[in-house]
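Working notes, beginning with the structure itself.
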Amino acid sequence: MSNRIEIKDFDAPELDLYARLSEVQLLRYYEPKEGIFIAESPKVIGRALDAGCVPISMLSEPKQIEGEGKEILERCPEVPVYTAEFSVLTRLTGFPLTRGMLCAMHRPKLPAVEEICAGARRIAVLENVVNPTNVGAIFRSAAALHMDAVLLTYGCSDPLYRRAARVSMGTVFQIPWTKFSKHQPWPDEGLSLLKEMGFRTAAMALSEDSVSIDDPKLMEEEKLAIILGTEGDGLASQTIADCDYTVKIPMSHGVDSLNVAAASAVAFWQLGNR
């Protein structure tokens, strides 16, 4: 393999993307243009390639070159592949590699909200969900359980952060998504835009006027946006007040709420575009 480069110098600038730059720095790498993200594991890298993401370089254990990563490398014959044993890679990156492979990629340009929602009947909206694990799990549920798209407010964790994309099993590259821009502040402009596009809005929250998630009225809506709030505090009071529905998941044993990722799976299964 002519593009295979064994790591001998930990200070090589080519390795900065993996060893010395934070995910926030990678996000801003080419400002004002789109930055860089790191995809982890052959499955996630493969789904990113399927979605048209452009690789810059890879970091791989030797065993992956003839193992799970072989097909990935065959698809990218001109891309530099830095390689070393697992212990060396862990020392370099500061964390164990899942499935022994990382890939630095150019970030795709995010489409407009209107483009993402064109033709969609069921969308998920994440309001300030800050935990990358939760974001990744929500994307996986959205892709599997009949959501047409995902929208994120500006305060959400980035779906392309390494952990979020890995937890999603690469579904962040399979389901359409974007963020509300700074010119579409949430909830005022964001909710208004959804309503202009014909969506009825359902806030997942507990209140005196909450309807059950299996209410027939919800199922009959032609276009529905399911809105999920941040960990702990849930949705903002203004968001709840401005939505068409407030929706609850009936529970037992005195439990009053679910983790946002678990709640998303229940909501998407019940209300998804099947």
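When reading the values below, keep in mind they use all heavy atoms of this one structure, side chains included, and skip hydrogens, waters and symmetry mates. Here the structure is a predicted model, which means the values were calculated and not measured.
Side-chain contact between Met147 and Asn273: absent, with no pair of heavy atoms (C-beta onward) separated by less than 4.5 Å. Counting heavy atoms from C-beta outward, Leu191 and Ile227 have side chains that approach closer than 4.5 Å. Side-chain contact between Glu78 and Asn3: absent, with no pair of heavy atoms (C-beta onward) separated by less than 4.5 Å. Looking at Pro62 and Glu85, their side chains come closer than 4.5 Å, going by heavy atoms from C-beta outward. By the 4.5 Å heavy-atom criterion applied to side chains, Pro108 and Phe37 are counted as neighbours. Here the side chains of Val113 and Phe180 are in contact, with some heavy-atom distance below 4.5 Å. For the pair Asn128 and Tyr154, the minimum side-chain heavy-atom distance is 4.5 Å or more. At a threshold of 4.5 Å between non-hydrogen side-chain atoms, the residues Ile36 and Ile56 count as touching.
Separating the OG1 atom in Thr178 from the CD atom in Gln184 is a distance of 8.5 Å, to the nearest 0.5 Å. With values rounded to the nearest 0.5 angstrom, Ile249 atom CD1 is found 5.5 Å from Leu258 atom CG. Interatomic distance, CZ of Phe199 versus CG of Leu193, reported as 9.5 Å (0.5 Å rounding). Considering OG of Ser57 and CG of Leu59, their distance stands at 8.0 Å, rounded to 0.5 Å. One finds the CD1 atom of Ile7 at 9.5 Å from the OG atom of Ser60 (value rounded to the nearest 0.5 Å). Atom CZ of Phe173 and atom OG1 of Thr171 lie 9.0 Å apart (nearest 0.5 Å).
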Exercise. Take Leu160 and Glu23, measure what side chain to side chain contact (heavy atoms under 4.5 Å, CB included) needs, and give me the verdict at the end.
Key: CA-CA 9 Å; Leu160 295 187; Glu23 291 192 288; over 6 Å; no

Quiz item: Could you go step by step and tell me if Arg107 and Asp158 meet the salt bridge (Lys or Arg N to Asp or Glu O under 4.0 Å) rule?
Solution: CA-CA 12 Å; Arg107 281 179 170 267; Asp158 192 333; 2.7 Å; yes

Quiz prompt | Criterion side chain to side chain contact (heavy atoms under 4.5 Å, CB included) on Ile138 and Val135, from CA distance to verdict | solution = CA-CA 5 Å; Ile138 292 169; Val135 169; 5.7 Å; no

Practice problem: Starting from the C-alpha separation in whole Å, work towards a yes-or-no answer on side chain to side chain contact (heavy atoms under 4.5 Å, CB included) for Leu126 and Val150. | Solution: CA-CA 8 Å; Leu126 310 189; Val150 179; 4.2 Å; yes

Quiz item: Can Val130 and Cys156 be said to form a side chain to side chain contact (heavy atoms under 4.5 Å, CB included), step by step?
Solution: CA-CA 5 Å; Val130 297; Cys156 283; over 6 Å; no

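Applying the side chain to side chain donor-acceptor pair (under 3.5 Å) test to Ser207 and every residue at least two apart in sequence or in another chain returns Asp209, Ser210. Judged as a salt bridge (charged side-chain N to carboxylate O under 4.0 Å, His left out), and not counting sequence neighbours, Lys63 has no contacts. Among residues two or more places apart in sequence or in another chain, the side chain to side chain donor-acceptor pair (under 3.5 Å) test is passed with Glu222 by Arg121. Judged as a side chain to side chain donor-acceptor pair (under 3.5 Å), and not counting sequence neighbours, the contacts of Arg163 are Thr133. The ring-ring contact (aromatic ring centres under 6.0 Å, His included) test applied to Tyr30 returns His106, not counting sequence neighbours.
Hydrophobic clustering, with ILVMFWY side chains joined whenever heavy atoms are under 4.5 angstrom apart, keeps Ile240 apart from Ile226. A continuous path of Ile, Leu, Val, Met, Phe, Trp and Tyr side chains, each step under 4.5 Å between heavy atoms, connects Leu110 with Phe139, placing both in one hydrophobic cluster. Two different hydrophobic clusters hold Met197 and Leu224 under the rule that ILVMFWY side chains link at heavy-atom gaps under 4.5 Å. Hydrophobic clustering keeps Leu27 apart from Val129 (ILVMFWY residues linked when any side-chain heavy atoms are closer than 4.5 Å, directly or through intermediates). Residue Ile175 is grouped with residue Val266 when hydrophobic side chains (ILVMFWY) are merged at heavy-atom distances under 4.5 angstrom, including chains of intermediate members.
Defined by atom type and a distance below 3.5 Å, a donor-acceptor pair is present between the side-chain atoms of Thr239 and Glu127. No side-chain N or O of Gln174 forms a donor-acceptor pair with one of Asp50 less than 3.5 Å apart. With hydrogens and angles left out, the side-chain atoms of Tyr245 and Glu221 include a donor and acceptor closer than 3.5 Å.
A donor-acceptor contact shorter than 3.5 Å is absent between the side chain of Lys33 and the backbone of Arg28. Looking only at distances, no side-chain donor or acceptor of Arg4 sits under 3.5 Å from a matching main-chain atom of Thr83.
Here the shortest heavy-atom pairing between Met204 and Ala267 reads CE-CB, 4.1 Å. Of all heavy-atom pairs between Ser141 and Phe268, the closest is C-CD1, 3.7 Å. Nearest heavy-atom pair across Pro111 and Ile116 is CG-CD1, 3.5 Å. When all heavy atoms of Lys179 and Trp177 are compared, the pair lying nearest together is CG-CZ3, 4.4 Å. Closest approach of Leu49 to Cys76, counting heavy atoms only: CD1-SG, 3.8 Å. Here the shortest heavy-atom pairing between Leu218 and Ser212 reads CD1-O, 3.6 Å.
Heavy atoms from other residues, nucleotides or ligands lying under 6.0 Å from CD of Glu74 number more than 12. Atom NZ of Lys43 has 12 or fewer neighbouring heavy atoms from other residues, nucleotides or ligands inside a 6.0 Å radius. Atom CD of Gln238 has more than 12 heavy atoms from other residues, nucleotides or ligands within 6.0 Å. Glu114 CD: more than 12 foreign heavy atoms inside a 6.0 Å radius.
Using a cutoff of 4.0 Å between basic side-chain nitrogens and carboxylate oxygens, Asp242 and Lys195 are not scored as salt-bridged. Under a 4.0 Å N-O distance rule, the pair Arg166/Glu40 qualifies as a salt bridge. Residues Asp244 and Arg200 are paired through a salt bridge, judged by an N-O separation under 4.0 Å between the basic side chain and the carboxylate.
Note on residues 248-272: pairs passing side chain to side chain donor-acceptor pair (under 3.5 Å), not counting sequence neighbours, are Asn134-Asn259.
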